[in-house]
Amino acid sequence: VGVRLDEGALPFSRGARAVAEALGIDLLHVASEGRVLALVAPEIADGALEQWRALPEGAGAAAIGRISKDAGRVVLDTAIGGSRLVDVPQGEILPRIC
């Protein structure tokens, strides 16, 4: 299986998006402290989101993608209607400071 992500649904702040664009950084390749990713069946996704959003920690919860038939690939569907592969990070990976 693969994964298709919806670029517009990724819960990055406008500020983070602006800085990343200015610096040429892919936000999918930097630390996102305090985030959790859950894979749930489509038929319970809305209920899971509703329950997660009811918690203070889950206020920004979002459905960001779906499982696909793109065997072994992670594909990002872009805001302008295109798509691109999400590759593994290259070069120096930023340290994860907790």
Side-chain angles (χ1 to χ4, degrees):
V1 299
V3 175
R4 289 197 77 96
L5 300 174
D6 175 2
E7 183 178 42
L10 296 172
F12 296 121
S13 69
R14 288 179 55 189
R17 288 179 193 266
V19 169
E21 184 175 330
L23 297 176
I25 296 172
D26 186 343
L27 287 173
L28 294 173
H29 291 179
V30 297
S32 291
E33 304 294 335
R35 301 289 184 176
V36 64
L37 179 67
L39 300 175
V40 299
E43 59 271 11
I44 66 164
D46 289 339
L49 272 174
E50 183 179 322
Q51 289 183 9
W52 191 253
R53 288 176 180 151
L55 301 171
E57 301 87 351
I64 63 168
R66 65 187 191 286
I67 299 300
S68 71
K69 295 181 180 179
D70 301 315
R73 298 179 185 263
V74 177
V75 177
L76 180 72
D77 292 325
T78 67
I80 60 171
S83 63
R84 70 170 176 90
L85 289 176
V86 177
D87 203 1
V88 295
Q90 302 293 316
E92 188 69 29
I93 298 175
L94 297 174
R96 304 307 202 249
I97 301 171
C98 296

Hydrophobic clusters here meaning ILVMFWY residues chained together by side-chain heavy-atom distances under 4.5 Å, can you tell me if V74 and V1 are in one?
yes
Taking all atoms of both residues into account, what is the closest heavy-atom pair of D87 and H29, and its distance?
O-NE2, 2.8 Å
Give the minimum heavy-atom separation between A9 and A63, together with the two atoms involved.
CB-O, 3.4 Å
Taking I44 as the starting point, is it possible to reach W52 by hopping between hydrophobic residues whose side chains are less than 4.5 Å apart?
no
When rounded to the nearest 0.5 angstrom, what distance separates CG in L5 from OG in S83?
11.5 Å
Before you tell me yes or no, could you show the steps for L10 and L28 under side-chain contact (heavy atoms from CB on, under 4.5 Å), namely the whole-Å CA-CA distance, both residues' side-chain angles and the distance that decides it to 0.1 Å?
CA-CA 9 Å; L10 296 172; L28 294 173; 4.0 Å; yes
Crowded around E43 CD? As in, over 12 foreign heavy atoms under 6.0 Å?
yes
Closest heavy-atom pair and its distance - P11, G60
CB-O, 4.0 Å
Can you hop from I80 to L76 via hydrophobic side chains spaced under 4.5 Å?
no
Using a 6.0 Å cut-off, check whether atom CG of D26 has over 12 heavy atoms from anything other than its own residue.
yes
Taking atom CZ of R73 as the centre, report whether more than 12 heavy atoms of other residues, nucleotides or ligands fall under 6.0 Å from it.
no
Determine, using the 4.5 Å side-chain heavy-atom cutoff (strictly less than), whether L49 and L37 are members of one ILVMFWY cluster.
no
Kindly work out whether a path of hydrophobic side-chain contacts (I/L/V/M/F/W/Y, heavy atoms less than 4.5 Å apart) joins I67 to V75.
no
Sort and list the pairs that fulfil salt bridge (Lys or Arg N to Asp or Glu O under 4.0 Å) and have at least one residue in residues 2-12, not counting sequence neighbours.
R4-D70, R4-D77
Can you name the closest pair of heavy atoms from A45 and V40 and give their distance?
CA-CG2, 3.8 Å
